[in-house]
Amino acid sequence: MRISELSRRSGVPVATIKYYRREGLLPEGRALNPTAVEYGEEHIQRLRLIRSLIQLGGLSVARTREVLEAVDRPLDAFETLGVVHHALPVPSADKAGKGGQGGGQGGGQRGGQGDSSPDSAADETVSDEGAAVRVETLIDSMGWQISDESPHRPALAESLAALARLGAEYTTDDLIPYARLATATADLDFMRLDGIDDRIALAERAVFLTVLFEPVVRLLRRLAQEDANHRRHHRRASDRSEPPAE
């Protein structure tokens, strides 16, 4: 297919395809003559992964190039998923808190009010160290196999430390029931990856599960919380088919 058809079938503008090609994200097509290049189905698949990483995953072009170079190597499914999982942006309650204080400006400030007193800094250090210990204890208690390079290890510690600074401290025992639910969710996620042998398709599905499906999981939790509120307080939810009360 020519670049115009590649654009039509992939939904990616011609100018963007050329940009991805210049940046080394998209392989060159097969030259038919000095002015014509032919592309194949593999280019459509590659474009889908590129858009998934950049638009859904929020990766920069440079980081996307690194992921694609890794996926292009003869990796097995374990290594492919590890590359994608560690490349995607890591959620953090600490970052979310900063975002609520003026969009996260002044990236080094912590604690919400920018308190830089020695006592405050010491308290934060103790809080961070305690959170890191709780994360390691949790991992050991769950028997989880987590690599030393995992970005999610320190991110969880940062989130727990941020909560502790707000007076909402979670112990390891508090976290274990949530960790068990997370394990069950992860097992369901990996059932969705069974039978996918192609590395590009596997990487794309991993992005979908980690980024695009994550809001679905959060919303299911919100709906369950709403249901729990009704059940615990013996209230009946209004039927959407009922006319509003006058």
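If you're wondering where the values come from, they're calculated on a predicted model, not measured in any experiment.
- Nearest heavy-atom pair, L156 versus V135, reported as atom, atom and distance to 0.1 Å: CG-CG2, 3.8 Å.
- With values rounded to the nearest 0.5 angstrom, M1 atom CE is found 8.5 Å from E38 atom CD.
- Under a hydrophobic clustering in which Ile, Leu, Val, Met, Phe, Trp and Tyr are joined whenever their side-chain heavy atoms come within less than 4.5 Å, directly or via other members, L59 and F208 fall into the same cluster.
- In this structure a side-chain-to-backbone donor-acceptor pair under 3.5 Å is missing from R153 to E136.
- When all heavy atoms are compared, the tightest approach of P151 to V90 is CB-CG2, 3.8 Å.
- Pairs engaging residues 185-211 under the salt bridge (Lys or Arg N to Asp or Glu O under 4.0 Å) rule: R48-E204 [sequence neighbours left out].
- The two residues D173 and P177 come nearest to each other via the heavy atoms O-CD, 3.2 Å.
- At a threshold of 4.5 Å between side-chain heavy atoms, the hydrophobic network of Ile, Leu, Val, Met, Phe, Trp and Tyr places I44 and I17 in one connected group.
- Remark: the D140 side chain and the T137 side chain contain no N/O donor-acceptor pair separated by less than 3.5 Å.
- For D174 (side chain) and T171 (main-chain N/O), a donor-acceptor pair under 3.5 Å exists by modelled atom type.
- Other members of a hydrophobic cluster containing Y178 are absent, since no ILVMFWY side chain comes under 4.5 Å of it, directly or through relayed contacts.
- Residues E158 and D128 form no side-chain contact, since every pair of their non-hydrogen atoms from C-beta on lies 4.5 Å or further apart.
- Using a 4.5 Å cut-off on side-chain heavy atoms (C-beta onward), P27 and E42 make no contact.
- Taking CZ of R180 as the start and CG of L175 as the end, the distance is 12.0 Å to the nearest 0.5 Å.
- In this structure, V217 belongs to a hydrophobic cluster whose other members, linked by side-chain heavy atoms under 4.5 Å apart, are F213, V216, L220.
- Smallest separation of non-hydrogen atoms from S141 and I176: CB-CD1, 4.0 Å.
- By the salt bridge (Lys or Arg N to Asp or Glu O under 4.0 Å) test, R8 pairs with E5, sequence neighbours left out.
- Under a 4.5 Å side-chain heavy-atom cut-off, the cluster of Ile, Leu, Val, Met, Phe, Trp and Tyr residues that includes L32 has no other member.
- V67 and L202 fall into different hydrophobic clusters, where Ile, Leu, Val, Met, Phe, Trp and Tyr residues are linked whenever their side-chain heavy atoms come under 4.5 Å apart, directly or through other members.
- Grouped with L181 in a hydrophobic cluster is no other residue, since no side-chain heavy-atom contact under 4.5 Å to another Ile, Leu, Val, Met, Phe, Trp or Tyr is found.
- With sequence neighbours excluded, the residues satisfying side-chain contact (heavy atoms from CB on, under 4.5 Å) with L188 are M191.
- With sequence neighbours left out, E169 forms a salt bridge (Lys or Arg N to Asp or Glu O under 4.0 Å) with R134.
- Annotation: ring-ring contact (aromatic ring centres under 6.0 Å, His included) contacts involving residues 3-32, sequence neighbours excluded, are absent.
- Between A131 and A161 the shortest heavy-atom distance is CB-N, 3.8 Å.
- Side-chain contact between L25 and I54 is present, with heavy atoms from C-beta onward closer than 4.5 Å.
- Here the closest heavy-atom approach between residue G11 and residue R51 is recorded as O-NH1, 4.1 Å.
- Residue pairs meeting the salt bridge (Lys or Arg N to Asp or Glu O under 4.0 Å) criterion with at least one member in residues 15-29, sequence neighbours excluded, are R21-E28, E23-R65.
- There is no path of hydrophobic side-chain contacts, each under 4.5 Å, that joins L209 to L53.
- Both V61 and I50 are assigned to one and the same hydrophobic cluster, defined by single-linkage of ILVMFWY side chains at heavy-atom distances under 4.5 Å.
- Counted within 6.0 Å of OH on Y170, heavy atoms from surrounding residues, nucleotides or ligands total 12 or fewer; the atom is thus considered open.
- Here ring-ring contact (aromatic ring centres under 6.0 Å, His included) pairs that include residues 36-73, with residues two or more places apart or in two chains, are Y39-H43.
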Output a table of donor-acceptor pairs, distance under 3.5 Å, between side-chain atoms of residues 68-85 and any protein atom two or more places apart or on a different chain; print 'none' if there are none.
| unit_1 | atom_1 | unit_2 | atom_2 | d |
| --- | --- | --- | --- | --- |
| D72 | OD1 | R46 | NH1 | 2.8 |
| D72 | OD2 | R46 | NH1 | 3.2 |
| D72 | OD2 | R46 | NH2 | 3.1 |
| D76 | OD1 | F78 | N | 3.2 |
| D76 | OD1 | E79 | N | 2.8 |
| E79 | OE1 | D76 | N | 3.1 |
| T80 | OG1 | D76 | O | 3.0 |

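- Between I200 atom CD1 and L47 atom CG the span is 11.0 Å, to the nearest 0.5 Å.
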